[in-house]
Amino acid sequence: MSEPAAIIHPRRLKAIERRHPWVFSGAIAGVEGDPEDGALVTVRSDAGKFLARGYWNSRSSIRLRLLTWDESETIDEGFWRARLQRAIQARAVDNRIHQHGTANAYRLVNAENDGLPGLVVDRYGDWLVMQALTFGIDARKAQIAAILMDLLNPAGVYERSDVDIRQKEGLPPSMGVLAGQPPPDLIEIDENGRRFLVDVWRGHKTGFYLDQRENRAIVGDWFRWDDQAQERVVLNAFAYTGGFAVYALGSLAQRVINVDSSTDALALARQNIALNGFATSDEDFVEGDVFEVLRYYRDTGRQFDMIILDPPKFAQSPQQAETAARGYKDINWLGFRLLKPGGVLVTFSCSGGVSEDLFQKIVFGALIDAGREAQIVRRLFQASDHPVALTFPEGAYLKGLLCRVW
Ligand code: SAH
């Protein structure tokens, strides 16, 4: 029996020819055969020309995710193995070249950007944590876990597919051991010589914000050359489990105030800071809403040497960019106001719907309203183990600015 086929509207060929991995329902003029969700489908022009091959999901508006543009390439066990090997190999080479090889926690597979649409695999020490974001990957997750066991021999592969976007694929959340041993309650990882406890069972995403690793290192370097015998105080807003705090304390920051709305995140932040040998006091952990806490600091005249703003995604889609913009502007406006002259604002957005350009405009607007002066010292981006395929600009989601403020 031949593979089912999707026929593409003549006006919608370009994106596929330019190797964008998504085909939306509106681009499909007709279907030959009756593909099951998750099944492989050949993609053709109405003149019968082969365009690509991908997997199908009738429940998603992204009807097809493309895997290959080479007609002779079959999608079998060997295909998945080769793609996984390529992604894993790339990380190994990057580690050797950039000498950041002390991290034993990083992203091994970055979905569309690694030619594996819908699949995320993160390494935490001896364990792998997988997210199956699409129907096509969900249907193959046991096979993928088996290949990962074979290639990397981890202690186990654990699934954390409890992500909202699965709803758009018609899938419920799914969590559990896919292969090998269950992970311990907390996995201790090493990141650039810092130690962190990661809760891969209940933590955000797969447990840790691996995408901020290189930005944490930049923050950690900031006060290193500072020779003034001044007390440096950092405000770490949206602190989660204290990633930026551990790096800041490792340089010349004497104090880091961590603000987060989650009790559990702050408890783990406290443990992580202690694990790295730094003393803390209760006042260094503030449980609350950043929007309110920043206002309280403004009203009480508190000032900081560095403020880190790493909020959750305010825009879930480009349509929500405007509402999100108000949120970003508000915290950045407060951030500018709370900095000492010569202080540093490290500000991020991980909303895919807010472009780098728009984000800079929002931060600019906040600066003008705050009546301060500032310069961009560095543009920040997601870590290099989260690469962006040139054919898939949607892959670039994390952007940030490090600004000096007067
Ligand atoms: N900087 C962190 C990651 C931050 S994730 C790191 O490098 O690891 C965003 C965090 O913001 C989460 O811990 C979440 O609990 C917290 N959060 C979300 N909305 C909040 C709010 N309005 N006020 C305070 N914290 C909030």
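Just so you know, ligand 1 is whichever comes first in the structure, and atom 1 is the first atom listed for that ligand.
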Can you find an N/O atom of [X] closer than 3.5 Å to an N/O atom of ligand 1?
| X | result |
| --- | --- |
| Pro312 | no |
| Arg216 | yes |
| Asp310 | yes |

Distance filter under 4.0 Å to [X] heavy atoms, resulting ligand 1 atoms:
| X | result |
| --- | --- |
| Ser262 | 15 (O) |
| Phe244 | 1 (N), 7 (O) |
| Asp289 | 21 (C), 22 (N), 23 (N) |
| Tyr240 | 2 (C), 3 (C), 4 (C), 8 (O), 13 (O) |
| Val290 | 21 (C), 23 (N), 24 (C) |

Please check if atom [atom1] in [X] has more than 12 non-hydrogen atoms from other residues, nucleotides or ligands closer than 6.0 Å.
| X | atom1 | value |
| --- | --- | --- |
| Gln143 | CD | yes |
| Tyr296 | OH | no |
| Asp164 | CG | no |
| Glu77 | CD | yes |
| Arg378 | CZ | no |
| Glu394 | CD | yes |
| Phe79 | CZ | yes |

Is there side-chain contact between Asn57 and Tyr55, with heavy atoms separated by less than 4.5 Å?
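They are not in side-chain contact.
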
Protein contact to [atom] [nearest heavy atom, distance to 0.1 Å]:
| atom | answer |
| --- | --- |
| atom 13 (O) of ligand 1 | Asp260 OD2, 2.7 Å |
| atom 4 (C) of ligand 1 | Phe238 O, 3.2 Å |
| atom 17 (N) of ligand 1 | Ser261 OG, 3.5 Å |

Could you check whether any heavy atom of [X] sits closer than 4.0 Å to an atom of ligand 1, since that is the contact criterion I want to use?
| X | value |
| --- | --- |
| Thr241 | no |
| Gly288 | yes |
| His204 | yes |

Aromatic ring proximity, centroids under 6.0 angstrom, Phe244 and Phe348
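Close enough - the centres of the two rings lie under 6.0 Å apart.
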
